[in-house]
> 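A single structure is presented below for examination.
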2 protein chains.
Amino acid sequence: MPSDLETSIENMIMVFHRYAEEDGDKNTLTKKELKKLLEMELSSFLKSQKDTETVNKIMKDLDSNKDGKVDFEEFVPLVVGLSIACEQMYKFHKQKPTKK
Amino acid sequence: MPSDLETSIENMIMVFHRYAEEDGDKNTLTKKELKKLLEMELSSFLKSQKDTETVNKIMKDLDSNKDGKVDFEEFVPLVVGLSIACEQMYKFHKQKPTKK
């Protein structure tokens with residue numbers, strides 16, 4: 001039985017490949033595939049950005065070798081950034097005194 | 001309903017805090033807590049290392065500010081490294097011709 005952390009890692013890989021395999025190169029995300037991943041998997045994050053250029057900016061940030069595609073190694077920093085932001089929120093809420 | 005990727009991120013945070021909260025500072029892993037996390041959550045990885053110094057080496061690598069503890073931001077690179085290695089294996093096995 002995989003552990004929670006192993007399952008978390010496996011899910012991250014499965015999600016990436018679920019969208020990467022839609023068209024063209026099965027191991028990379030096109031901008032269209034990245035857009036769909038963001039809309040389906042990170043909809044609340046995407047809506048919170050209120051910037052129509054968000055997908056373009058994320059694509060530009062992630063595509064470090066500028067080949068117009070995002071491979072898994074280029075995708076992971078997005079997950080890292082979101083995880084760190086979410087963990088900060090978790091700690092903030094944990095420290096807040098619970099209302100009596 | 002959180003998406004698969006959101007659940008994956010949430011689980012990563014929950015796992016970290018499950019072990020970080022065992023003693024002392026609730027938001028960081030001591031070496032003892034990191035050892036337990038590795039043994040419980042990444043046992044196959046740990047066993048594959050065959051080096052009794054593995055936990056010490058991982059602790060040294062992760063503890064970038066050298067305060068003797070690992071916070072979440074210092075912990076994430078371990079998950080990143082493992083995810084990238086696992087995704088390489090996933091691609092390798094995906095490309096292997098299936099035996100007739």
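All values derive from a computational prediction rather than experimental measurement. Letters go in sequence order (proteins before strands), and every chain restarts at 1. Because only heavy atoms are used, hydrogens play no part in the values below, and waters and symmetry mates are left out as well, while side chains stay in.
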> Rounded to the nearest 0.5 Å, what separates atom CE in Met12(B) from atom CD1 in Ile9(A)?
7.5 Å

> Is Leu42(B) in contact with chain A via its backbone, its side chain, both, or neither, using a 4.5 Å heavy-atom distance?
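Contact with chain A involves both backbone and side-chain atoms of Leu42(B).
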
> Going from NZ on Lys91(A) to NE2 on His17(B), what distance comes out if it is rounded to the nearest 0.5 angstrom?
6.0 Å

> For Lys26(B), which atoms come within 4.5 Å of any heavy atom of chain A: side chain, backbone, both, or neither?
both

> Rounded to the nearest 0.5 Å, what separates atom CG in Asn27(A) from atom CD in Gln88(B)?
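That separation rounds to 9.5 Å.
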
> Would you say CD of Glu73(A) has more than 12 non-hydrogen atoms from neighbouring residues, nucleotides or ligands within 6.0 angstrom?
no

> Does anything in residues 53-71 of chain A reach chain B? List residues with heavy atoms under 4.5 Å apart, or say none.
none

> Is the shortest side-chain heavy-atom distance between Glu6(A) and Cys86(B) below 4.5 Å?
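Answer no - side chains too far apart.
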
> Strictly less than 4.5 Å between heavy atoms, which residues of residues 76-84 of chain A line up against chain B? Please order them by number.
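If one takes a 4.5 Å heavy-atom cut-off, the residues of residues 76-84 of chain A near chain B are Val76(A), Val79(A), Val80(A), Leu82(A), Ser83(A), Ile84(A).
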
> Any side-chain to backbone donor/acceptor pair from Glu41(B) onto Asp4(A)? Under 3.5 Å, distance only.
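Side chain of Glu41(B) to backbone of Asp4(A): a pair is present.
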
> Going by atom types alone, do Glu10(B) and Ser8(A) pair a side-chain donor with an acceptor below 3.5 Å?
no

> Does any backbone or side-chain atom of Met14(B) lie under 4.5 Å from a heavy atom of chain A? Answer side chain, backbone, both or neither.
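Just its side chain gets close to chain A.
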
> Once you round to the nearest 0.5 Å, how far does CZ of Phe45(A) lie from CG of Leu5(B)?
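Result: 11.0 Å between the selected atoms.
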
